[in-house]
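These numbers come from a predicted model, not from an experiment.
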Amino acid sequence: MRIEDKIKELIVTALTKSQGMNNDEINEVGLELSRNKNNEHGDFSSNIALKLSGKLKRSPMVVAEEIINSIHVSDELERTEFVKPGFINFYLSAEKKHSVLEEITSKGKAFGSSCVSEKKKILLEFVSANPTGPLHVGHGRHAAFGDSLARLLRKSGHEVFTEYYLNDAGRQIDILCVSVMFELLLLEGQKLGQVDGLYKGSYIKEIAGGLREEGVAINKKISLAKASGSDDEIVDALILEFKDVAGDELFQMVLEKTVLQMTKLLKDDLSDFRVRQDGFYSEKSLFSEGRIEEACGIIKKNGNAYERDGALWLESTKYGDDKDRVVIREDGRSTYFASDIAYHHHKKVRGFDLLINVLGSDHHGYVSRLEAGLASTGNKVSDLEVILMQFVTLYRGKKKIQMSTRSGNFVPMRDLYSEVGVDAARFFYVSRSHDQHLDFDLELATKQNNKNPVYYIQYANARIKSVIKENEKRGYLFDEALGKSNLGKLKLPIEEDIISLLGKYPETILKSSNSREVNKIANYLKSLSQLFHSYYGSTKFVSDEDGLRNARLLLLKCVSTVIEDGLDILGVSAPTKM
RNA sequence: GCGCCCGUAGCUCAACUGGAUAGAGCAUCAGCCUUCUAAGCUGAGGGUUAUAGGUUCGAGUCCUAUCGGGCGCGCCA
């Protein structure tokens with residue numbers, strides 16, 4: 001039984017004894033026990049007297065005193081007290097507090113694991129950027145967050161499968177293909193003007209160059225003359241013309257090779273950033289496997305679809321959307337939305353309890369539609385959880401860098417992490433809450449990479465490793481048993497603070513996991529490191545006194561275990577030397 | 001116009017989800033290496049938590065309005 005629950009039990013019996021309350025009445029008020037921020041008010045506190053005072057028509061201080069007088073103090077508690085507004089504080093015995101260190105020593109990195117009460121099978125989808133260019137710094141935030149969230153959810157006990165939805169069908173891919181063919185024609189010596197709507201990055205030229213080396217050739221005359229109007233209209237005309245002139249077979253061949261190349265590019269961008277995607281789900285497969293028709297069949301069968309103006313509409317307003325949405329267009333082609341309905345339905349069919357999507361905040365208007373899609377295929381809306389990621393604004397010094405994928409005018413995430421390092425980039429990305437805008441100053445990140453908080457944490461761990469090494473160098477062998485039996489000698493206030501914070505690691509994992517706030521882990525590690533550095537500055541660890549020395553080394557090893565485990569969740573390395 | 005998100009020290013962010021005196025880093029100033037790594041430590045200054053009301057024992061956190069910033073409202077993806 002956890003100590004929290006024991007204390008709660010003590011309060012409940014005290015309430016029945018002193019106030020004559022039964023369990024129902026207590027539940028109605030709500031019994032809370034919170035862990036204290038700073039130790040000056042004890043380890044745990046309860047606000048129950050404050051909550052009851054109105055009901056009982058007596059001052060909170062009086063109620064608190066009555067409760068405390070009926071509390072039977074167990075030997076795990078040092079003492080209890082009631083204080084100013086009406087809080088009741090609980091102080092744990094030194095022995096009870098120190099037991100955390102023994103727990104960490106025996107469990108190692110499993111300390112704080114599997115703390116969640118209901119284990120779920122989760123599909124976590126993130127990044128899912130169109131394979132039309134390298135991932136940029138905005139995607140970097142999604143990648144770092146998504147991957148860390150996956151690690152956090154796993155740590156807390158869930159089963160997680162990460163997935164990248166690959167848009168390998170549709171207009172954007174046609175444009176990508178035309179862009180490559182366009183370059184190929186230029187390589188073949190054909191003189192062509194400028195077309196604004198096409199992808200321009202160097203990677204397009206590389207793919208075209210590679211195709212030419214493989215012997216792929218178009219060798220047909222393309223005239224841009226037919227195309228006129230807006231960028232979009234010109235591009236659409238070009239797609240038709242290229243399909244016509246090159247022929248379907250050649251077009252499909254170039255398209256497939258291009259998508260393959262682009263996907264490899266994305267996978268490398270991610271894996272070099274230590275981001276693991278367990279699967280890449282092909283949009284194209286939704287067509288070839290007949291999943292779109294299947295999904296349309298289901299929404300029709302469920303009475304959620306109707307035909308109007310030659311198109312098939314989903315009655316999404318039934319499920320809270322602003323208006324109904326087209327699923328199959330007048331010309332018979334399905335919409336992007338249709339793909340999403342089919343995709344998300346298939347996620348459920350594959351047996352996942354919970355679907356988490358990490359989306360850019362610009363997609364928030366799309367959320368109710370996704371929910372409607374899920375509901376209309378007979379799934380629960382609550383099975384979908386969307387995490388909206390705010391934008392990254394990139395600066396170089398004071399200057400804002402504007403980004404656009406199509407023009408190739410963006411900063412690839414690879415440039416960012418090769419410049420500042422994977423550790424610093426990942427930490428910086430996840431140390432801000434996802435609903436907060438993120439200003440990323442490249443100049444600052446490069447110039448000050450030594451001052452990045454991630455080094456502060458890594459340095460704390462490296463220092464501990466160094467102390468352990470020094471201990472051995474001086475001929476002292478670490479004696480775990482001796483350390484354990486001397487934990488009572490850890491009496492410095494800073495030692496008590498560290499032990500107390502270590503004890504909060506499991507609940508930090510649990511809370512961050514439940515609220516999907518990876519940044520809480522980063523903040524926790526900063527606090528722990530700060531305490532350690534302060535401890536380091538004021539205390540000599542390698543001393544002649546065997547008992548104290550081993551107790552302190554045990555404490556340091558526990559700090560190191562937790563730091564390494566926490567950094568692991570963030571996907572940041574923990575060097576032993578810096 | 002309607003809807004969603006955000007507003008905390010000069011800058012970048014915390015604050016355990018409604019708790020006790022709102023905390024760190026950067027920048028500024030003053031100290032600390034004969035001693036386990038100075039990528040560190042110790043101290044100082046810096047705030048009407050955008051503004052105005054409200055809810056209650058108690059509000060940075062919840063509700064309303066206003067101001068300011070970001071984003072979204074296609075048979076696009």
Side-chain angles (χ1 to χ4, degrees), chain A residues 32 34-38 40-41 45 47 49-54 59-61 83-87 89 130 132 167 169-173 175 232 283 308-313 322-323 325-331 333-337 339-340 360-368 388 390-391 393 428 431-439 441 444 448-460 462-471 473-474 504 507-508 511-512 514-515 517 519-520 522-524 526-527 529-530 532-543 556 577-578:
Chain A
E32 305 168 37
S34 56
R35 187 150 209 151
N36 287 340
K37 222 184 302 204
N38 42 6
E40 57 185 294
H41 295 118
S45 69
N47 57 2
L50 288 158
K51 286 181 129 182
L52 280 174
S53 75
S59 93
M61 286 297 273
V83 89
K84 264 193 291 181
F87 288 106
N89 296 330
N130 281 345
T132 52
N167 298 110
R171 182 165 178 269
Q172 291 306 318
I173 294 301
I175 297 174
D232 276 351
E283 182 186 2
R308 198 217 302 163
D309 305 333
L312 183 71
W313 295 68
D322 300 344
K323 46 177 137 177
R325 309 286 173 172
V326 171
V327 177
I328 307 291
R329 282 178 269 237
E330 203 178 351
D331 60 11
R333 285 152 55 232
S334 62
T335 60
Y336 180 86
F337 183 40
S339 296
D340 258 341
S361 62
D362 54 333
H363 286 71
H364 69 77
Y366 197 69
V367 175
S368 56
L388 293 173
Q390 290 295 327
F391 277 24
T393 316
F428 194 83
S431 57
R432 268 88 177 143
S433 167
H434 63 83
D435 56 11
Q436 207 79 35
H437 287 264
L438 178 63
D439 288 334
D441 184 344
L444 208 71
Q448 299 198 327
N449 63 356
N450 280 356
K451 287 179 180 166
N452 193 303
V454 71
Y455 295 98
Y456 186 76
I457 297 165
Q458 289 178 322
Y459 186 47
R463 270 181 149 179
I464 293 174
K465 298 293 182 202
S466 168
V467 171
I468 293 169
K469 208 174 284 169
E470 181 66 20
N471 188 58
K473 217 166 80 187
R474 300 207 192 165
K504 291 179 189 173
E507 66 201 56
T508 305
K511 281 179 187 168
S512 336
N514 284 343
S515 61
E517 291 171 295
N519 56 310
K520 297 245 191 266
N523 289 329
Y524 175 88
K526 269 191 239 172
S527 307
S529 303
Q530 189 170 19
F532 166 75
H533 281 306
S534 176
Y535 186 33
Y536 183 94
S538 63
T539 316
K540 198 88 190 112
F541 300 121
V542 184
S543 69
L556 293 192
K577 225 194 282 181
M578 288 176 75

Whole angstrom value for the distance that separates C1' of B/rG23 from NZ of A/K526 | 12 Å
Is A/K511 near enough to B/rU17 that one of its side-chain N or O atoms lies under 4.0 angstrom from OP1 or OP2?
-> yes
May I ask whether A/F87 stacks on the base of B/rA20, given the cut-offs of 5.5 Å between ring centres and 30° between planes?
-> yes
Using a heavy-atom cut-off of under 4.0 Å over every strand shown, decide if A/V83 touches base, sugar-phosphate, or nothing.
-> base
Base, sugar-phosphate, or nothing for A/Q458, non-hydrogen atoms under 4.0 angstrom?
-> nothing
What is the nucleic acid contact for A/R432, judged by heavy atoms within less than 4.0 Å: base, sugar-phosphate only, or nothing?
-> sugar-phosphate
No-hydrogen, no-angle side-chain donor-acceptor test under 3.5 Å, A/T132 and A/Q172 | no
Using a heavy-atom cut-off of under 4.0 Å over every strand shown, decide if A/N514 touches base, sugar-phosphate, or nothing.
-> nothing
side-chain contact (heavy atoms from CB on, under 4.5 Å) partners of A/A462, counting only residues at least two apart | A/M578
Please determine if a side-chain N or O atom of A/Y459 lies less than 4.0 Å away from the OP1 or OP2 oxygen of B/rA39.
-> yes
Partner residues of A/D435 under the side-chain contact (heavy atoms from CB on, under 4.5 Å) criterion, sequence neighbours left out | A/S433
Using a heavy-atom cut-off of under 4.0 Å over every strand shown, decide if A/Y524 touches base, sugar-phosphate, or nothing.
-> nothing
Check the distance between B/rA20's P and A/E32's CD and give it to me in whole angstrom.
-> 13 Å
Assign A/S515 to base, sugar-phosphate, or nothing according to its heavy-atom contacts below 4.0 angstrom with the strands shown.
-> base
CZ-CZ distance between A/R333 and A/R171, expressed to the nearest 0.5 angstrom | 9.5 Å
Check the distance between B/rA15's C1' and A/K504's NZ and give it to me in whole angstrom.
-> 12 Å
List the protein contact pattern of nucleotides 58-63 of chain B with one symbol per nucleotide (5' to 3'): B for base contact, S for sugar-phosphate-only contact, - for none; contact means a heavy-atom distance under 4.0 Å.
-> ------
Between A/K473 and A/E470, does at least one N-O distance fall below 4.0 Å, as a salt bridge requires?
-> yes
Presence of donor-acceptor pair under 3.5 Å, side chain of A/S45 and base of B/rA20 | yes
Length of the NE2-P vector between A/H533 and B/rC33, whole Å = 19 Å
Tell me what A/F541 touches on the nucleic acid: a base, only sugar-phosphate, or nothing, going by heavy atoms under 4.0 Å.
-> base
Would you call the rings of A/F541 and A/Y535 parallel, tilted or perpendicular, where under 30° means parallel and over 60° means perpendicular?
-> perpendicular
Distance, rounded to the nearest Å, where A/D362 contributes CG and B/rC6 contributes P = 16 Å
Paired stretches of RNA chain B - 3 or more consecutive Watson-Crick or G-U pairs, each distance under 3.5 Å = B:1-7 with B:67-73, B:10-13 with B:23-26, B:28-32 with B:40-44, B:50-54 with B:62-66
Would you indicate what A/A462 reaches in the nucleic acid, counting non-hydrogen atoms under 4.0 angstrom: base, sugar-phosphate, or nothing?
-> base
Grab the CZ-P distance between A/R463 and B/rG40 for me, whole Å please.
-> 8 Å
Mind listing the N/O atom pairs, protein and nucleotides 2-5 of chain B, below 3.5 Å?
{"residue": "B/rG3", "atom": "N2", "partner": "A/H364", "partner atom": "NE2", "Å": "2.7"}
{"residue": "B/rC5", "atom": "O2'", "partner": "A/Q390", "partner atom": "NE2", "Å": "3.2"}

Nearest-angstrom distance, P atom, B/rU49 to B/rG10 = 12 Å
Protein-nucleic acid N or O pairs under 3.5 Å, nucleotides 75-77 of chain B:
{"residue": "B/rC75", "atom": "O2", "partner": "A/E330", "partner atom": "N", "Å": "3.2"}
{"residue": "B/rC76", "atom": "OP2", "partner": "A/R329", "partner atom": "NH1", "Å": "2.7"}
{"residue": "B/rC76", "atom": "O5'", "partner": "A/R329", "partner atom": "NH1", "Å": "3.1"}
{"residue": "B/rA77", "atom": "OP1", "partner": "A/R329", "partner atom": "NH1", "Å": "3.4"}
{"residue": "B/rA77", "atom": "OP1", "partner": "A/R329", "partner atom": "NH2", "Å": "3.1"}
{"residue": "B/rA77", "atom": "OP2", "partner": "A/Y336", "partner atom": "N", "Å": "3.3"}
{"residue": "B/rA77", "atom": "O2'", "partner": "A/N130", "partner atom": "ND2", "Å": "3.2"}

For atom CD of A/Q530 and atom P of B/rG40, their distance in whole Å = 11 Å
Donor-acceptor pair (no angle test) under 3.5 Å: A/S534 side chain, B/rU42 base | no
A/S53 near the nucleic acid: base, sugar-phosphate alone, or nothing, with a heavy-atom cut-off under 4.0 Å?
-> nothing
